[in-house]
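Since the structure comes first, as C-alpha cells, the remarks are kept for the end.
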Amino acid sequence: MATYNGASFVSAQIESILAQLVDDDELVIVDDASTDDTVAVVESIGDPRIRIIRQNVNQGYVRTFERALREATGDVLLLSDQDDLWLPGRRDLLAQAALSRGVAASNLVLLGSDHALRSPLTGRPWLLKAADSRRRWRNELLILAGDIPYFGCAMAMSRDAVSRVLPFPPYLSESHDLWIATVANRHGLMTHVDAATLRRRVHAGNASTPRPRSLRHVLAARWMLVRAFASARRR
C-alpha cells in the first residue's frame, strides 16, 4: 500500500485487509511524506503484520508503489490503495489467480452503490472478462485506447512476475498499473478475474480522478504507454 494524506479513510481500509490475512502475511505500507496523521493512524492499529516505511521526501504515488513492491517479501503481492475496501475472499481469489499465471486483475465496484464503473469511451459497464485473459494484442490495444479497466488496486502478482515488472521505467510518471498490465499481456502472464474484489472509494483526493484532462496531457500519456509497450518487450 502507498499512503499519502490518507488519515480519513486508511483505518477502514486496513481493517478490511487484516480481516483476510493469515499470521504469516504482511501489510507493507510506504508513506509518501504525509503531512496529516496518516502514519499515526496506521501505527495506532498496532497489528504486528503491518510494516510501515516512511519517506522523508514526497516521491509521488508511482515511485511509492515501486518501493512498496521492492520492500514486500511474500510469494504473492496484492496492491492496495489507501481508501478502498477489500471485499471478503479477495486475498485467496487473487493469490490463486496470480500463482496460476503471474499477474491477476479483477473487477471492482463503486463504494456506496456496488455498481460497476462505466467506460469513459462507450459509457457501458467497464468489466474485465476471464475469457479475454489470453487475448494479449486485444488487451494491449485497449490499454493504448484508454478503454480497459486495469486498476492497480485490483491487481496481484507472483514473485516471478514482480521481477519482470521492476524496475519501473524512469519515464513512468503515472499509470503504474497500466505498466504492470502491459508487461503481463506482452509476456502472456495476465489473467482476468470476473469477480469484483473491492469497493472503490471515489473522492476529490484520489490520485486518479475522472476530471477531464487537456489534449496535451492525454497525448503525453498515450506516448508514455507506447514507450511502455516497447520497454515491456525487453523484460
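Keep in mind the model is a prediction, meaning the values are calculated, not measured.
- Side-chain contact between Val30 and Met1 is absent, with no heavy atoms from C-beta onward closer than 4.5 Å.
- Contact of the Asp147 side chain with the Pro120 side chain is registered, since non-hydrogen atoms from C-beta on lie closer than 4.5 Å.
- Shown here for Ala98 and Ala104, the closest heavy-atom pair between the two residues is N-CB, 3.8 Å.
- Between His187 and Arg164, the side chains place a donor N or O and an acceptor N or O closer than 3.5 Å (distance only, hydrogens not considered).
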Given salt bridge (Lys or Arg N to Asp or Glu O under 4.0 Å), test Asp83 with Arg200 step by step and report yes or no.
CA-CA 8 Å; Asp83 44 14; Arg200 180 168 176 80; 5.8 Å; no
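- Side-chain contact between Leu172 and Arg63 is present, with heavy atoms from C-beta onward closer than 4.5 Å.
- One distance of note links CG of Asp47 with CD1 of Ile17; it measures 11.0 Å at 0.5 Å rounding.
- What you find for Gln20 and Pro88 is that their closest heavy atoms are NE2-CA, 3.7 Å.
- With no hydrogens or angles considered, no side-chain donor-acceptor pair links Tyr4 and Thr35 at under 3.5 Å.
- Remark: Asp81 does not engage Arg201 in a salt bridge, criterion side-chain N to carboxylate O under 4.0 Å.
- Here the two rings, on Trp137 and Phe229, have centers that are under 6.0 Å apart.
- Pro169 is not listed as a side-chain neighbour of Arg227, based on a closest heavy-atom distance of 4.5 Å or more.
- Contact between Arg101 and Gly188 at its shortest, heavy atoms only, is NH2-O, 3.0 Å.
- Looking only at side-chain heavy atoms (C-beta outward), Leu69 and Met157 come within less than 4.5 Å of each other.
- Residues Arg199 and Asp84 are not paired through a salt bridge, judged by the lack of any N-O separation under 4.0 Å between the basic side chain and the carboxylate.
- Heavy-atom contacts from other residues, nucleotides or ligands closer than 6.0 Å to CZ of Arg134 number 12 or fewer.
- Using a cut-off of 4.0 Å between Lys/Arg side-chain N and Asp/Glu carboxylate O, Arg49 and Glu26 are scored as not salt-bridged.
- Val193 and Ala97 make their closest contact through CG2-CB, 3.9 Å (heavy atoms, listed as atom of the first residue, atom of the second, distance).
- Separating the OG atom in Ser44 from the CG atom in Asp37 is a distance of 9.5 Å, to the nearest 0.5 Å.
- The only option from Tyr150, Tyr61, Phe151 that meets the ring-ring contact (aromatic ring centres under 6.0 Å, His included) definition with His176 turns out to be Tyr61.
- Other residues, nucleotides and ligands contribute only 12 or fewer heavy atoms inside 6.0 Å of the CG atom of Asp24.
- Under a 4.0 Å N-O distance rule, the pair Glu140/Arg136 does not qualify as a salt bridge.
- The backbone N or O of Leu198 lies less than 3.5 Å from no partner atom in the side chain of Arg90, so there is not a single donor-acceptor pair.
- Asp177 contributes a side-chain N or O that, together with a main-chain N or O of Gly152, makes up a donor-acceptor pair within less than 3.5 Å.
- Here the OG atom belonging to Ser100 is positioned 10.5 Å from the CG atom belonging to Leu189, to the nearest 0.5 angstrom.
- Contact between Leu128 and Asp194 at its shortest, heavy atoms only, is O-OD1, 3.7 Å.
- Atom OG1 in Thr3 sits 10.0 Å away from atom CZ in Arg54 (nearest 0.5 Å).
- Between Leu111 and Val202 the shortest side-chain heavy-atom distance does not fall below 4.5 Å.
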Between Arg138 and Asp132, is the salt bridge (Lys or Arg N to Asp or Glu O under 4.0 Å) condition met? List the steps.
CA-CA 8 Å; Arg138 174 256 187 199; Asp132 294 328; 3.3 Å; yes
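- The shortest distance between side-chain heavy atoms of Asp31 and Ile53 does not fall below 4.5 Å.
- Going from atom OG of Ser133 over to atom CG of Asn139 covers 7.5 Å, rounded to the nearest 0.5 Å.
- The two atoms that bring Ser106 and Thr197 nearest to each other are OG-OG1, 2.7 Å, heavy atoms only.
- Between the CZ atom in Arg222 and the CD1 atom in Ile143 there is a gap of 10.5 Å [rounded to 0.5 Å].
- With 3.5 Å as the limit, one finds a donor-acceptor pair spanning the side chains of Thr38 and Asp36.
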